[in-house]
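Whatever order the structure lists ligands and atoms in, that order sets their numbers, starting from 1.
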Amino acid sequence: MSLAAAAVCASLVAVSLLMCWLYPLPQPKPYSLVITDRHGTFLGAFLANDGTWRLRTAPHEIPERIKRILIEKEDRYFYYHPGFNLLAIGRALVQNIKAGRIISGGSTISMQVARMLNPKERTYWNKFVEIFQALQLEWKYSKDEILQMYLSLVPLGGNIEGLKSASLLYYRTPINRLNVAQLLDLILIPNDPNGLRPDRRPDLLYRMRCERGSDFLRRGLLSRQDSVVIWRTPAGVSRATIGLTGPHFCLRIKDQHPRSSEVQSSLDSRIQKTVEALVTNHLRPWKARGVKNSAAIVIDNRTMEIVSYVGSESFEDSLASGQVDAVRALRSPGSTLKPFLYALVMDRGILTPKTRLLDVPYDLDGYAAENYEGTYSGFVSAEEALRRSLNIPMIRLLKEVGLTSFGATLDHVGFASLQPQKPRLGLSMIVGGCGVTLEELTTAYASLARGGLYSRARYLKNNDTTGLPSERAISEAAAYMITEILSGIDRPDLPNNFESSVNLPMVAFKTGTSYGRRDAWCVGYSAEFTVGVWIGNVTGKGVPDLVGSRSATPLLIDIFNAISSPHQKTILPIPSDVGVRDVCATSGKLATKWCSHVIQDLFSKRHSLNQFCDIDKEYMVSIDSKKHYCVMCVKKHPHKLAVYQEYPPELLTFWKATGRPFRTPPVHDPTCEQLPQGSGPQILSPIHDMTYLLTHGEEKIAFYATSGVDVKSHIWYVDDRLLGHKRAGQKFFLKLQDGKHHISCLDERGRLSSIMIVVQSL
Ligand SMILES: [Zn+2]
Ligand SMILES: [Zn+2]
């Protein structure tokens, strides 16, 4: 007996294993990708890989009473049976035998799902296989998961599967906005998916809805109010296409998440629609002038999430290449990289906002570099040079720090697309001679807004800001000083809408116009957002009127005005290592007692060098001020002290050429026997203009100078006091008192070199 039972069990197991091998559980079907915004609002969906609209529909997305009707209609004992319902199958069998053909399947929802996953001809054997696979489904999945598959896979006409797909394609609305009549239609259409399509046979569908509706009303499954809606709602619709909010953004998400069925993105659909509308408004007058495209992107500084992404003014406008995503297009950045050069130079210690820079004609690789305005300013402060976006001072600074260092700074703020261009880049890159994307630019500016911390832009919603991986790309002090410069309201390029913008927070921004007026840029940041705007033609066609400050800046200001929360002021708090110090207005360097005009300047306590003014200098001059004396000849003459300005020779040349009057120191006494001939010794240490910080009292400073081969010995002076003779090239060390020291080295032929240093004990 027990042997027989064991044999039965064994054969059952064997049959089950054989069935499992013959009919394995079908693979789940691929779902359509659905993209929502950061608040869960629908942005767009894409066809599943097999060409079907199959959006995943969870049971909780269907109103409870509709779910009850569905279960009542399809499979009353769904929550109780193991996958099949013997009673229902028996009843169906009787009906089919009576009718002489298959008119009823007695299928449970689980069996229907098995058939949807693996469609087969309707035969008794296949029915058996369905039962077996329904059992497999029940073993593997919960009832809710099986119901979800049903709601997502149920055929609703054409290539539409699932209630959510049908809701969007037939009713152009998310499923949670459908009324009871529409929902009822969606659970009735599967009875005859192509015969009851609301876009083809609304009459049949409406008749069935009313019939079954009154039946459900009688059985207490629907209310009287429901029945009114059921009678009044027309059944006919025209099939729609699924529109995308932020189409370029959605396409990017699709590329990044090809296998996901649902992605909650970082986009904010409200901000997205606002920015889209502003882009359209601003582009309208430009379109008449031949400017066809525009792009804009908005990043939340706190989380680095992209909250708005407009890749073109109109995705549908194929004449204007609307499908091209201009956020990702490689374009000439014009002047928009200049703040990052300042960041590098500030962190090297050689630039603060009031540092004076030369703006005189300059030879750049055989071409005369020009400013945008075609004029030169002579000697300008760093802040003015950046606000007016002067080219010459930037080219000179780039030459000073080198392309390699600048390239590294740009790497740190995420300009990945510059990497392959590097071998071809020259000094002109600082005025737009390279290609970057709007996304890279905006992300890099967000690093300034975040006090110098770089983090890549995010496409998915991410509330975990504590874990936001960031790297320090720029010092806090440089980010602060650049922000102060770019947010100053005394700039020449403020647009007309700046004053009237009521909600406008403090915004730091930089404009750019590429060579040939092909691209107009404006990138800016408040405490809250970083916004990047590009206007131009994706074809690269230039338009004479196209200028960043005239076209892109007004759009940027309008975007900030529309999306900013009220009552915010400062962008960055003042970092602890930023201080205010007195500098000479003429040179922008630390004021000496000879500087007549002293102003205040920001500086980095950690990075900024303590260079003293090298323009205002004291001279020993003759009583009639006609000549000056050096340490060698002054002893023979009565003299007085007078301050003169010693400007860089290039500046004097420029002033002379432009007819600007200037005063120079009187000539060196021509009778001086020590009048230098040729160049004097080159003092290599100490270094001119350096501040030597001595950490302990005994530290000495190295003295070292070289001369030509015709020179055997040097005579050294400190503060005009003779130190003694040294062999040319001989190194020696000396302890100096705190304070400023004037050091001279004279060779045996009477040529003198002098430098100035400052010694400071800590
Ligand atoms: Zn000075
Ligand atoms: Zn002299």
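Contact annotation: Cys595 places an N, O or S atom under 2.8 Å from the Zn ion (ligand 1). The Zn ion (ligand 1) has an N, O or S atom of Asp616 under 2.8 Å away, backbone or side chain.
Note that CD1 of Ile559 is 4.0 Å distant from CG of Leu555, once rounded to the nearest 0.5 Å.
With the Zn ion (ligand 2) as vertex, Cys630 SG and Cys633 SG subtend 110°, rounded to 10°. Geometry at the Zn ion (ligand 1): SG/Cys584 and SG/Cys613 form an angle of 120°, nearest 10 degrees.
The aromatic rings of Phe340 and Tyr445 sit perpendicular to each other, their planes meeting at more than 60°, with 30° as the lower class boundary.
Taking the ring centre of Phe703 as origin, the terminal cationic atom of Lys726 falls outside the region bounded by 6.0 Å and 45° from the ring axis.
One finds no salt bridge joining Arg472 and Asp347 here, because no Lys/Arg side-chain nitrogen approaches an Asp/Glu carboxylate oxygen to under 4.0 Å.
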